[in-house]
Every structure is written in structure tokens, then in C-alpha cells.
J.: 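Handing you a structure now.
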Amino acid sequence: MIHNLQLKDLFIGKTDAKNELIDNNDRTKELFCNSFLMPENININDFYEGKRYYITGLKGTGKTALLHYIDLKMSEKPNYQSSFILFKSNFTEDDKAAFTVAANASCAVKNTDNDDFEDYINVWHWFLHRQIVLNSQKSEICCFKNDTNWQKYCNCVLSPKLGNDEAGITSLFPKLKRGNIEIGADVEFLKGKLGLEFEWENEPKKIVKFSHLVRQVNELYKKLTPSDVKLFLYIDELELTLTKQKQYQKDIKLIRDLIVAINHFNALSKQYNYNIYTISAIRSEVLTAINAIGKEINKPIIDFGINLKWQLYGGNIDNHPLIKIINKKIMATELYYNLPVSSEEDVWEKYFPSQINNQPIKEYILHRTWYRPRDIVRLLNIAIQQFPNESKFSHTVFDAINKEYSTQSWIEQTEELASIYSPKEIEGIKKMLTALKSPFTIHQITDKCEKGRRVYSALDDLLKKYKIGDLLSHLYNVGIIGNTGEKIRYSFRGDDELIIENMMKIHDSLWNYLSIEYRKPSC
């Protein structure tokens with residue numbers, strides 16, 4: 001007899017991978033690892049050996065999940081330490097303001113790249129040095145030997161007077177005034193016993209230049225002696241939103257200079273044989289925004305990064321990595337409950353219908369995704385939430401969740417648009433697409449937009465700022481539209497450019513939410 005779990009028992013994962021490990025127990029970690037599918041183009045040892053330290057990819061491609069998987073697998077090795085730093089979650093607007101002050105008070109009003117470029121890198125260096133020292137204080141093991149050089153380094157890093165030490169991230173930033181900081185430690189101890197020298201701006205008040213102190217810390221760092229302990233610093237959630245234009249510009253510079261600082265720290269680790277590795281996950285649209293401001297970050301990203309993609313170029317659909325992710329998650333769930341583990345073929349026989357709307361089930365599911373693991377997680381979790389007691393993702397289940405999946409898919413796409421467009425501009429894009437007949441030509445959508453702008457101010461303002469061709473190119477890049485005809489083309493399938501002269505279509509999963517109608521071909 002074939003035994004099926006109920007849908008509510010299946011572990012499909014969370015849309016944000018860090019939430020899968022929130023209870024931090026061994027069984028959850030084991031389930032996470034057993035259900036994780038390593039992309040074929042990734043060798044985990046490259047991260048352990050410092051050959052790779054940037055993970056790039058579109059939203060929802062599994063960057064956070066990969067970071068946590070690397071962390072869990074590395075933790076199986078002896079003498080391992082790690083720390084997660086989340087740019088979006090850990091850094092509030094007040095934290096970013098403190099960061100700006102620490103870099104240079106003028107950064108809040110100046111937009112010229114040259115004026116603040118070095119300053120942000122200095123503060124990131126300081127931030128990473130503080131992370132190293134604080135991690136050593138919290139643990140019984142340290143990635144450096146506890147000798148005189150280590151004592152000098154720690155005391156120099158800890159010497160500035162800080163703000164409120166209970167204030168979370170901001171406690172890592174020294175108080176700055178006109179580029180100067182106040183030394184809070186015993187100066188005679190620092191100078192006498194440790195032999196640290198400072199370029200005083202005002203010695204009686206213990207004021208020194210921040211840039212000089214960072215240079216000194218960097219030099220002391222080079223004199224340390226590594227131990228056998230490995231420290232991994234994982235930096236995630238490097239995201240942008242255009243909700244506040246001024247903060248958006250600051251975030252671009254903060255993330256840009258963090259990428260530079262990570263490369264510098266990892267280069268030092270290689271040069272001095274240190275066991276410190278800083279690994280960061282960066283969304284593709286963030287890299288595009290950074291490149292647009294003219295700073296060269298492509299070389300380190302290409303040389304030391306890996307891009308997460310889930311396309312299958314030809315071959316059997318059964319081998320598509322997103323199909324294999326479903327297999328892994330269901331099989332890991334059966335193992336978790338000590339049930340006989342199904343074969344990949346049995347998974348689909350037990351938990352899915354063979355077809356939906358005369359379309360093979362695997363093809364049906366793939367065509368409702370943007371070739372990202374998060375789409376699979378979202379689709380199946382909606383089914384689980386609405387039909388927890390069912391034992392199969394049936395035809396009825398998929399039909400019933402179509403509207404909710406379409407709605408959540410649109411929300412997901414607008415979050416990607418938020419790195420380019422304001423909320424009002426996104427509303428204009430929605431007006432541009434709603435009730436559009438698909439497929440469509442450039443002339444047909446232009447005609448719809450010209451009529452719509454007379455009625456909707458959001459659409460009118462949008463078209464005053466952007467040409468329709470540029471808007472369509474952006475919508476193509478995030479996967480909202482594609483080309484149709486003899487060949488279906490989408491950016492997430494690896495097709496680089498929208499062919500604006502060809503027929504275009506709205507992605508299938510957005511039809512329900514946007515009330516898209518099928519356009520019958522003209523005779």
C-alpha cells in the first residue's frame with residue numbers, strides 16, 4: 001500500500017531561508033541539509049578554501065539558503081566560528097545614518113563619488129575589524145594566537161569611545177566629529193605597555209583622526225599570527241529599495257564599498273595565510289545599480305563570485321533542477337518521519353496528478369515559475385496552507401490556489417521593481433498592464449498606454465519620465481514580460497534582450513491578478 005503524508009506534513013521550506021532555521025535545533029538543521037539541492041555549478045570547498053566569496057543572483061534564487069547550507073556544512077569541521085550580518089534586517093535607518101556620520105558628515109548632502117569613496121571603505125574596514133574582535137571575545141577559541149601583537153590589535157580596535165553599547169549595530173561605530181574620534185581607553189597604557197602611537201589632533205582631550213586610526217589597525221592586523229581556528233563572516237540581504245531616493249543613493253554607496261572592503265579583507269587573508277573568510281550574497285539588480293554609478297566592481301565579482309541560476313539547457317524535464325528540488329524536499333520529509341523514502345518517480349505518482357489542463361504536471365509547474373526555488377516554495381506552500389488535510393497536490397488544489405499565487409507573484413515582482421521605480425511609478429506600471437490582451441505588439445501596448453494616461457495620473461507621470469521601450473525592457477529583465485511566437489523568450493531562461501519588434505506576452509502566473517485576456521490571432 002502506498003502511504004502518503006498529508007500536505008501539512010510536507011517540508012517545502014520558507015520563502016526566506018533564514019526562517020527555516022529559526023528554532024536552531026539539530027533535527028531542523030538535518031532536515032534543511034537533507035532537503036537542500038546544491039547547484040551543479042557550485043563546489044562548496046571553493047568557499048572553505050577562500051576561492052569564492054561572492055554569491056550573486058536574482059531575488060529568490062536561493063542565495064540565503066546557500067549561505068546557511070555552507071555554514072551548516074562548515075560547522076561539521078573542527079575549530080569553526082561563524083557570524084551572520086544582515087544588511088537589511090540588522091541595519092535600521094538610524095544605523096545607516098550613524099554609518100554616514102562615521103564615514104564623513106558631508107556624505108549626507110554630497111553625491112560626488114570621489115569625496116566619500118575612501119571614507120565608506122574605512123568604516124567598513126573598521127566594522128569588520130570589530131566583528132573579528134567581538135567574535136573572539138564571545139568564543140573560547142580565536143582565529144589568531146593570543147600574543148603581544150594580538151593584544152595591540154584588540155586594544156587599538158577597542159580604543160575609540162563608542163555610543164551606547166546596548167544599541168546593537170551602532171555600538172560598532174565610533175563617535176566622529178569632523179573626521180576625528182575620542183580615545184576612550186587609558187592612553188598611558190596604550191602608549192607605554194603596548195607601544196601604540198597616535199597622530200593626535202588634540203592630545204589632552206585624546207582626539208585623533210579616524211582615518212589614521214583605521215590605517216594603524218590595518219597595519220597591526222598584518223602582524224597577527226593565525227591559529228587553526230577558521231572564522232567565517234556571512235553578509236546577507238544586500239538589497240535596495242527606491243522608497244526614499246536619498247537613502248537609496250546612500251545604500252548604493254554603502255553596498256558598493258562593502259564589496260570592495262570584502263575583497264580587500266579576503267585578499268589580506270590569502271596573503272598572510274589567515275583563516276578568516278568573508279562571504280556575501282548580493283542581488284543582481286543591486287550590482288546593476290552599483291555599476292550605473294561608475295565604480296568598477298565587476299572584476300572581483302567575476303573572479304571570486306558565483307552566479308546562482310536554475311535553467312536546464314536542453315535535456316529531459318525530469319532533470320530540471322527545480323523538479324529535483326521538489327523531489328529532495330518531499331524525500332527529506334519522508335526520511336524525517338522515518339517513512340520509506342520514495343523514489344523520484346514515486347514522488348510524482350504519490351503527491352501529484354499526471355496532468356493539469358492537458359499539460360504534463362512538471363511542465364505545468366515550471367511554466368508558473370521564474371526558474372527560482374522561491375517560486376516553487378511559494379506555489380506549494382499556498383497549496384499546503386489552503387488544503388492542509390489533502391494527501392495530494394491535485395488538479396482541484398492547483399485550480400483553487402491560482403488567484404492567490406498570481407497575487408503573491410505580482411507582489412514578488414514589484415519588490416524587484418522597487419530597486420528602480422518609486423511606489424507611484426509601480427502603480428503606473430500596474431495600470432499599464434492591467435486588462436491588457438496578450439500576446440501584444442509594441443503598437444498595441446502603446447495605444448493602450450496613450451488611452452490610459454488620460455485617465456490615470458500615475459500612468460501619465462510614468463510615461464513623462466520613461467519611454468515605453470525602456471519600461472518594457474525593464475519588465476523583461478525582471479521576468480514580467482517575455483517574447484512569444486516561434487520561440488518563447490524570457491530573461492530568466494537566459495535570453496538577454498527583449499526583441500521589441502516581436503510579439504510579447506505577460507508571464508502566465510500574472511494573468512489572473514492583472515486580469516489579462518487572451519488575444520486571438522487575427523485572420
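Bear in mind the structure is a predicted one, so any value in this text is a computation, not a measurement.
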J.: Counting N and O atoms only, with roles assigned by atom type, does the side chain of Ser342 sit under 3.5 Å from a partner on the main chain of Val347, one being a donor and the other an acceptor?
T.: no
J.: Please report the interatomic distance CH2(Trp124) to NE2(His129), rounded to the nearest 0.5 Å.
T.: 13.5 Å
J.: Considering residues at least two apart in sequence or located in another chain, which fulfil the salt bridge (Lys or Arg N to Asp or Glu O under 4.0 Å) criterion with Asp9?
T.: none
J.: Compute both the distance and the angle, then confirm whether Lys73 meets the cation-pi test with Tyr48: under 6.0 Å from the six-membered ring centre, within 45 degrees of the axis.
T.: no
J.: Please report whether the ring centroid of His68 lies less than 6.0 Å from that of Phe84.
T.: yes
J.: So how far is it from Asn263 CG to Ile297 CD1, rounded to the nearest 0.5 Å?
T.: 10.5 Å
J.: With Asn19, which residues qualify under side chain to side chain donor-acceptor pair (under 3.5 Å), at least two apart?
T.: none
J.: Using a strict threshold of under 4.0 Å (side-chain N to carboxylate O), is an ion pair present between Glu416 and Arg372?
T.: yes
J.: Kindly write out the residues that satisfy ring-ring contact (aromatic ring centres under 6.0 Å, His included) with Tyr274, not counting sequence neighbours, or none if the list is empty.
T.: Phe144, Tyr221, Tyr272
J.: Could you list the residues that satisfy salt bridge (Lys or Arg N to Asp or Glu O under 4.0 Å) with Lys223, not counting sequence neighbours?
T.: none
J.: Taking atom CG of Leu379 and atom CD1 of Ile365, what is their separation to the nearest 0.5 Å?
T.: 6.5 Å
J.: To the nearest 0.5 Å, what is the distance between CZ on Arg52 and CD1 on Ile70?
T.: 12.0 Å
J.: To the nearest 0.5 Å, what is the distance between CD on Glu344 and CG on Asn319?
T.: 8.0 Å
J.: Residues two or more places apart in sequence or in another chain: which of them pass salt bridge (Lys or Arg N to Asp or Glu O under 4.0 Å) with Glu20?
T.: none
J.: Can you list the residues that meet the side chain to side chain donor-acceptor pair (under 3.5 Å) rule with Tyr234, with sequence neighbours excluded?
T.: Tyr80
J.: Give, for atom CG of Asp303 and atom OH of Tyr53, the distance between the pair rounded to the nearest 0.5 Å.
T.: 8.0 Å
J.: Taking atom CG as the centre, does Asp26 end up with more than 12 heavy-atom neighbours from other residues, nucleotides or ligands that are less than 6.0 angstrom away?
T.: no
